[in-house]
Number of protein chains: 2
Amino acid sequence: MPTTRSYNDLCPIARALDVVGERWALLVVRELLLGPQRFSDLRDALPGVSSNLLTDRLRELEARGVVRRRVLPPPAGSSVYELTDRGGRLEPVLDALGEWGATESPAADGSLSATAVLLFLRGSLRAHPAAPSGTFRLRLENRAWTLVRRDGVLEIEPGDTEAADAEIRTDPITLNALLFDPDGLDAAVATGDAEIEGDVDALRRLLTAVALGGS
Amino acid sequence: MPTTRSYNDLCPIARALDVVGERWALLVVRELLLGPQRFSDLRDALPGVSSNLLTDRLRELEARGVVRRRVLPPPAGSSVYELTDRGGRLEPVLDALGEWGATESPAADGSLSATAVLLFLRGSLRAHPAAPSGTFRLRLENRAWTLVRRDGVLEIEPGDTEAADAEIRTDPITLNALLFDPDGLDAAVATGDAEIEGDVDALRRLLTAVALGGS
DNA sequence: CCGCATCCGTTTCGATACTG
DNA sequence: CAGTATCGAAACGGATGCGG
């Protein structure tokens, strides 16, 4: 049964927290920021959330107009969860939280979803104006995203939406490490933790731009 | 006993939520944004939080470097809680949450602390460039704040920090209503819900600027 | 397998009472 | 005023089961 608890506070901040202040709620929104996800994608991206609680959160966020459930057209038949317009407008909240959280110690251990590292990557590049232009394919956890930087705007979309200058296949943890130490790219390739293709120098410049921006 | 539960997620957003994602935590930060507060101030501003939980939250936020407890110099002897620099950097998070929460329905009923309405007032005026310059004294719940708009910057500080052009004495709910309907000022004065002094026209222009910005 | 629903032990929360 | 102590209620977390 979904939570109905409220702060009973007229302040807009408190009313926002009534909607997305429950445990896991904002992390579900985080996972949906780059595109729709299936129930099991969310569960895998959020280790520690139990399936029943994930169901509750999704129902609650759906009832509050943050998330929408959409049944894919046949033959898929399965359904995905995606942000509504209102849910998408939570992006500045998550950006601000991420910026604040990034000032802490570099963190010890834990999981890291593909969406999480891609959001960090995107935020770092957006904050760092010197990032190179180009189109990059990122393959993480058997899924693909396309990073496009053109005319100063940076977007990351799910899928192979267009031809890429370079491609990297790796896992979120390795990619995250490379964002802090781009020079580790060759070593990661050597150990098989990452595979790269295409314009490798462009990829290297991309990683370096993040590392410079983050310091 | 303070909470130690973690998402165990390397994402900066999740790590931020490990610190300020517990219930009431961000509302405590909200209350401290405009200046130090005593324990009982916080409890009164946050009806619904039990004193033991407020103690837990403050201890937790103190341990995480968000809040600091400070003992006032004699003869006061009492102690106050205030934000650390790191805690103060949460302001963009609360701004973003407030902006998102304000797009909802105007809210039905509930409490409203002085800080909450002043933060809303400040945010609205900052977003609306046409707000008039001047210095205003705001008296709510037996406490005073000074609103200064000068050279395009707007600040609200606790106390009577400088001479004011006008003063209003009222309660948070009435002030909030006036922010949506400035024309209600005369009625509020007539019923005794508000008392005003000084340059009343300047006060009227201030309220009107908020109403225009919020629409 | 996916998308839940049910059950159950543990943690957190909320209300009230009480103390220095 | 500034917290502590206690206790029932709610929320959370993990395991298991079940229909498609």
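FYI, side chains are in, hydrogens and waters are out, and symmetry mates aren't considered; it's all heavy atoms of this structure. The sequence lines fix the lettering, A, B, ..., with proteins before strands; numbering per chain opens at 1.
A:R15 meets the side-chain hydrogen bond (donor to acceptor under 3.5 Å, both in side chains) test with no other residue; sequence neighbours excluded. In this view, B:E141 satisfies the side-chain hydrogen bond (donor to acceptor under 3.5 Å, both in side chains) rule with no residue, not counting sequence neighbours. For the side-chain hydrogen bond (donor to acceptor under 3.5 Å, both in side chains) test, residues two or more places apart in sequence or in another chain that qualify with B:D18 are B:S6. Residues meeting the side-chain hydrogen bond (donor to acceptor under 3.5 Å, both in side chains) test with B:T191, sequence neighbours left out: B:D193. Every residue meeting the ring-ring contact (aromatic ring centres under 6.0 Å, His included) condition with A:Y7, not counting sequence neighbours, appears here in chain and number order: B:W24.
Within the structure, salt bridge (Lys or Arg N to Asp or Glu O under 4.0 Å) pairs that include any residue of residues 89-105 of chain B comprise A:R86-B:E104, B:E91-B:R122, B:E91-B:R126 (at least two apart or interchain). Every pair passing salt bridge (Lys or Arg N to Asp or Glu O under 4.0 Å) that includes a residue from residues 75-85 of chain B is listed here, sequence neighbours excluded: B:R68-B:E82, B:R70-B:E82.
Note: B:N52 CG to B:R57 CZ = 10.0 Å, rounded to the nearest 0.5 Å.
At a threshold of 4.0 Å, the pair A:R5-A:E22 counts as salt-bridged, since one of the basic side-chain nitrogens sits closer than that to a carboxylate oxygen.
Only at 4.0 angstrom or more do the heavy atoms of residues 10-25 of chain A sit from any atom of DNA chain C, so none qualifies. Non-hydrogen atoms lying under 4.0 Å from DNA chain D are contributed by A:G48, A:S50, A:N52, A:L53, A:R57, all within residues 48-60 of chain A. In the region residues 28-40 of chain A, proximity to DNA chain D at under 4.0 angstrom, judged on heavy atoms, holds for none of the residues.
No hydrogens or angles considered: a donor-acceptor pair under 3.5 Å links the side chains of A:T174 and A:D171.
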Do any side-chain atoms of residues 31-44 of chain A form donor-acceptor pairs under 3.5 angstrom with protein atoms, and if so which ones, sequence neighbours left out?
| from | atom 1 | to | atom 2 | distance (Å) |
| --- | --- | --- | --- | --- |
| A:E31 | OE1 | A:T115 | OG1 | 3.3 |
| A:E31 | OE2 | A:S113 | OG | 2.5 |
| A:Q37 | OE1 | A:R143 | NH1 | 2.7 |
| A:Q37 | OE1 | A:R143 | NH2 | 3.2 |
| A:Q37 | NE2 | A:E31 | O | 3.1 |
| A:Q37 | NE2 | A:T115 | OG1 | 3.4 |
| A:D41 | OD2 | A:R38 | N | 3.1 |
| A:D41 | OD2 | A:R143 | NH1 | 3.2 |

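The heavy-atom pair separating B:V93 from A:L97 by the smallest distance is CG2-N, 3.7 Å.
Close approach of DNA chain C to chain A, defined as any atom under 4.0 Å from a non-hydrogen atom of the protein, starts and stops at C:dC2 to C:dG14.
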